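Step one of this worksheet: look at the structure below.
Being a predicted model, the structure only gives us computed values, none of them experimental.
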Amino acid sequence: INSSDFLCYGADYMISFLLYINIFFCIEKYVSKENFNLIFSFTIRLVQIQLCVIYFFGGFGKILGYDWYTGDAVWLSLNHYMNESVLNIVSKYTPKFVYQFMSIHILLIELFYPILVYFKKTRKWVIIDIIVLHVGISIMIGLHTFSLAMIILNLLAFYPNKLVTFYNYINGKICNFFNFKYNLLEK
């Protein structure tokens with residue numbers, strides 16, 4: 001990921017951070033249950049603080065730029081990075097106010113992420129909004145690795161149990177699929 005300026009867009013830092021915090025999760029069998037609970041709480045809080053810093057300063061940087069108020073930032077991002085055949089379909093039917101709404105919405109959700117994510121009434125909405133934002137970044141701009149890392153970090157920080165449940169479900173489906181294929185090949 002670090003080998004090209006075109007690919008160095010933050011995914012390398014997010015993956016490095018995921019690998020770093022994974023160390024804390026992997027020491028469960030080497031420490032007592034009480035110490036692991038402390039380490040687990042520390043790790044979750046560390047991820048939460050990291051995300052709050054990332055989103056706040058991302059939103060703060062967007063406030064300083066003039067093109068986020070007009071919608072030009074989203075329009076330029078889509079035009080520079082999006083697949084041309086998809087872009088022709090999307091841009092033909094999208095009015096300018098949609099780009100402006102998206103830009104201001106992204107700016108506000110990033111700027112106020114540290115506040116909104118800690119209120120129980122807004123946390124679920126904010127996390128869903130951030131996941132939709134990163135799915136959109138992945139589909140429209142093609143930053144798949146970055147988007148996946150940010151989605152995992154957000155779920156890990158605020159819904160770790162649901163992330164584990166989802167992981168176990170997907171892992172079980174994959175294992176069943178390959179066991180089925182393996183059994184077919186044996187016969």
Side-chain angles (χ1 to χ4, degrees), residues 1-22 47-48 50-62 65 67-68 71-114 116-117 122-174 177:
I1 291 176
N2 286 327
S3 64
S4 172
D5 290 335
F6 294 116
L7 297 176
C8 188
Y9 47 81
D12 50 346
Y13 301 115
M14 295 302 106
I15 291 172
S16 297
F17 185 66
L18 277 170
L19 290 172
Y20 174 72
I21 62 167
N22 191 43
V47 174
Q48 290 173 351
Q50 177 78 4
L51 287 172
C52 288
V53 168
I54 289 169
Y55 286 120
F56 174 76
F57 283 106
F60 187 72
K62 288 173 178 64
D67 54 350
W68 281 92
D72 292 339
V74 171
W75 185 85
L76 286 169
S77 295
L78 293 177
N79 280 293
H80 282 145
Y81 301 108
M82 193 176 191
N83 182 339
E84 194 171 326
S85 59
V86 177
L87 179 65
N88 290 335
I89 295 169
V90 171
S91 64
K92 185 187 284 187
Y93 301 108
T94 308
K96 179 157 176 58
F97 76 88
V98 172
Y99 295 116
Q100 187 174 17
F101 174 77
M102 287 172 51
S103 290
I104 292 172
H105 182 78
I106 291 168
L107 183 148
L108 292 175
I109 199 69
E110 285 187 359
L111 186 64
F112 294 110
Y113 179 91
L116 295 174
V117 81
T122 58
R123 177 180 301 147
K124 186 176 182 181
W125 175 80
V126 169
I127 297 299
I128 289 171
D129 201 17
I130 288 292
I131 289 172
V132 168
L133 169 72
H134 288 294
V135 168
I137 289 171
S138 178
I139 292 170
M140 299 298 194
I141 301 176
L143 302 177
H144 310 300
T145 308
F146 170 75
S147 297
L148 182 62
M150 292 306 287
I151 289 169
I152 290 171
L153 281 170
N154 275 284
L155 291 175
L156 178 66
F158 296 101
Y159 294 106
N161 294 335
K162 291 185 180 190
L163 180 64
V164 169
T165 304
F166 180 72
Y167 171 77
N168 289 335
Y169 174 77
I170 295 297
N171 192 30
K173 291 292 184 184
I174 291 171
F177 175 76

Check your understanding: Is it the case that more than 12 heavy atoms not belonging to W75 sit under 6.0 Å from its CH2 atom?
Key ->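 No, not enclosed.
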
Practice item. Give a yes or no on this: more than 12 heavy atoms of other residues, nucleotides or ligands lie within 6.0 Å of atom NZ of K96. Key: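 Counting neighbours around NZ of K96, more than 12 heavy atoms of other residues, nucleotides or ligands fall under 6.0 Å, so yes.
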
Review point. Checking side-chain contact (heavy atoms from CB on, under 4.5 Å) for the pair I54/M14: CA distance, chi angles, key distance, verdict?
Key: CA-CA 10 Å; I54 289 169; M14 295 302 106; 3.5 Å; yes

For residues [X] and [Y], determine if any side-chain heavy atom of one lies less than 4.5 Å from a side-chain heavy atom of the other.
X    : Y    : value
I109 : W125 : yes
L153 : I21  : yes
V53  : Y113 : no

Exercise for review: Keeping the roles fixed (side chain from S103, backbone from Y99), state whether a donor-acceptor pair exists under 3.5 Å.
Suggested key: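 Checked: pair present.
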
Exercise for review: Ignoring hydrogens and angles, tell me if any N or O in the side chain of T122 forms a donor-acceptor pair with the backbone of L116 under 3.5 Å.
Suggested key: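 Yes; judged by distance alone, with no hydrogens or angles, the pair exists.
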
Give, for atom [atom1] of [X] and atom [atom2] of [Y], the distance between the pair rounded to the nearest 0.5 Å.
X    : Y    : atom1 : atom2 : answer
K62  : I104 : NZ    : CD1   : 13.5 Å
H144 : I139 : NE2   : CD1   : 9.0 Å
N161 : F166 : CG    : CZ    : 15.0 Å
L163 : I151 : CG    : CD1   : 11.0 Å
I152 : I131 : CD1   : CD1   : 10.5 Å
F158 : I130 : CZ    : CD1   : 10.0 Å

Practice item. Describe, in one word, how the ring planes of F60 and F57 are oriented to each other, choosing from parallel (under 30°), tilted (30 to 60°) and perpendicular (over 60°). Key: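 The arrangement is perpendicular - the two ring planes meet at more than 60°.
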
Practice item. Run the numbers on M150 and I137 for side-chain contact (heavy atoms from CB on, under 4.5 Å), then give the verdict. Key: CA-CA 11 Å; M150 292 306 287; I137 289 171; over 6 Å; no

Check your understanding: So W68 and I106, side-chain contact (heavy atoms from CB on, under 4.5 Å) or not? Walk me through it.
Key -> CA-CA 9 Å; W68 281 92; I106 291 168; 4.0 Å; yes

Review point. After noting the C-alpha distance and the side-chain angles of L155 and Y167, does the key distance pass the side-chain contact (heavy atoms from CB on, under 4.5 Å) rule?
Key: CA-CA 11 Å; L155 291 175; Y167 171 77; over 6 Å; no

Check your understanding: If you take all heavy atoms of S147 and S138, which pair is closest and at what distance?
Key ->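 Taking S147 first and S138 second, the nearest heavy atoms are OG-N, 3.3 Å.
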
